[in-house]
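Encoded as structure tokens, the structure appears first; notes follow it.
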Amino acid sequence: MRLVLWLAALPMLAGAWLPWVLLRPNRLAPGEYLRLPPGWVALAVLLAVLPALTGQLRRGLVWLPATLALTLGVWLLGDRTAAALTGQADFARASAASGVWLYLLGAGITTYAAGLALPERRWVAWLWLPPVLALLLGGHLAQWSVLVEGRNEGPRWVQELGQHLRLVGSALGLSVLIGVPLAVWAAGRARVADAVLGVANAVQTLPSLALLGLLIAPLSALANAVPALREAGISGIGVAPALTAMTLYALLPVLRNGVVALRGVPAGVIDAARGMGMTASQRFWRVQVPLALPVWLGGVRQAAVLLVGVAAVAALIGAGGLGTYIFKGLQSAASDLILLGAVPAALLAILVDGALRALEGWLGRRLGRAA
């Protein structure tokens, strides 16, 4: 852990010295890089090395300087962008420069390491969230260019976020509906398991853009052949190919973890249930499923995080979602628009992973006490 903390301090030290804000006269024009004042550089450097020094003395207290460092990075982003825009025109933009991202990267690694240092209290790795949310909701980051673009987009951004969530939720639900029965069927049949896992693995080897492109022709032909499907909104572009590709991508972790989890139930436990007079159905629902559920849920978590990223790519075929802003920003060379889609997508993946991981841990502890 000490080595990880010192390595995490390196990008934080570099970030303190590198430019912190890029001030541009408008969204597309080149701008001027601004650095932190000397006093703030000294404080940022101190908080960069403090987690590593604390780890050598009191490992259990690393979370405190790590949380302070991450909070300071976010606070300085709001403070410096507001200061840079003082006296500027309304259409000027103050973006986060390389120093911000490096500093937040190192601070994020230290907070994660702080959670690993306290396995029984891993929630300490999330103590940065309340102050950061307070800064965000309190308007401290209001002058950051990404939030300025977000205000300009207004209801459209909320609509695209909702579409992103619908795509992820629908594809995850379909993958569970398809993958769970397949996993149950394949768990006790080696040949079936090899076949279904082989197909799912083959789908995973295809790049997401390639799979989306391959689905355009057959779905277009199907919609033309069956007018009812076309009237229902199924075509070669849009939501239908996006959901199809996303469901196929999510099948592998659901299938693999399901097969592994069901096969991992101790044979002695099943024999004991059989000796108690349980039927096959009772053994499955009362013994196998509860014991396999934590591992199986891990596959669902992996699928959910994967889908958050794939949903962004689906915007290329008109499915909507946060990827709309990513590709719109790429087309116009507007980094603020790219971040308007990329940052919420990354945060969404982190929140989904954290929520499902906590559910896994809770189930594991509950089943452990029941055993």
Side-chain angles (χ1 to χ4, degrees), residues 8 11-12 15 22 66-67 69-71 73-78 81 95-115 125-137 140-141 144-151 153 156-169 171-172 207-209 242 246 249-250 253 300-316 319-330 334-358:
M12 296 175 70
L22 172 61
T67 302
L70 189 54
T71 305
V74 176
W75 188 89
L76 282 176
L77 172 60
T81 51
S95 307
S98 57
V100 174
W101 302 117
L102 282 174
Y103 195 87
L104 293 180
L105 171 64
I109 294 174
T110 59
T111 56
Y112 180 75
W126 293 91
L127 289 177
W128 57 270
L129 190 56
V132 169
L133 284 177
L135 291 174
L136 179 62
L137 298 177
H140 184 73
L141 298 172
W144 182 26
S145 58
V146 176
L147 295 185
V148 173
E149 296 296 342
R151 288 196 300 273
E153 290 293 324
R156 172 69 188 279
W157 183 87
V158 177
Q159 177 184 345
E160 297 299 348
L161 175 61
Q163 176 66 3
H164 201 95
L165 292 173
R166 283 191 293 271
L167 287 172
V168 173
L172 184 63
S208 55
L209 283 176
M246 292 170 66
Y249 267 109
V300 176
R301 173 175 56 83
Q302 295 170 19
V305 174
L306 172 69
L307 288 175
V308 173
V310 178
V313 181
L316 272 178
L322 294 172
T324 301
Y325 292 105
I326 296 175
F327 295 111
K328 184 178 178 181
L330 288 172
S335 59
D336 298 334
L337 287 178
I338 297 174
L339 292 176
L340 187 61
V343 172
L347 293 176
L348 180 61
I350 293 173
L351 291 174
V352 168
D353 180 75
L356 292 178
R357 190 183 294 274

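We number each residue from 1, following the sequence as shown.
Residues that satisfy the side-chain hydrogen bond (donor to acceptor under 3.5 Å, both in side chains) test with T111, not counting sequence neighbours, are absent from this structure. T71 is linked by a side-chain hydrogen bond (donor to acceptor under 3.5 Å, both in side chains) to nothing, counting only residues two or more places apart in sequence or in another chain. The salt bridge (charged side-chain N to carboxylate O under 4.0 Å, His left out) test applied to R156 returns E160, not counting sequence neighbours. Among residues two or more places apart in sequence or in another chain, the ring-ring contact (aromatic ring centres under 6.0 Å, His included) test is passed with W75 by W40, H140. Residues satisfying the side-chain hydrogen bond (donor to acceptor under 3.5 Å, both in side chains) criterion with Q302, sequence neighbours excluded, are R256. Not counting sequence neighbours, the partners of A342 by the side-chain contact (heavy atoms from CB on, under 4.5 Å) test are I326. Remark: L105 pairs with I109 by the side-chain contact (heavy atoms from CB on, under 4.5 Å) rule, at least two apart or across chains. Checked against side-chain hydrogen bond (donor to acceptor under 3.5 Å, both in side chains), E153 has the following partners two or more places apart in sequence or in another chain: Y325. For V100, the side-chain contact (heavy atoms from CB on, under 4.5 Å) partners two or more places apart in sequence, or in a different chain, are W20, L77, A96, L104. Take A69 and apply the side-chain contact (heavy atoms from CB on, under 4.5 Å) test, not counting sequence neighbours, and it matches M12, L47, Y103, A107.
With contacts defined as side-chain heavy-atom distances shorter than 4.5 Å, the pair L136/L147 qualifies.
The stretch residues 334-346 participates, sequence neighbours left out, in these side chain to side chain donor-acceptor pair (under 3.5 Å) pairs: R24-D336, S95-D336, S145-D336. Sorted by first and then second residue, the salt bridge (Lys or Arg N to Asp or Glu O under 4.0 Å) pairs with a member in residues 343-355 read R301-D353, D353-R357; sequence neighbours excluded.
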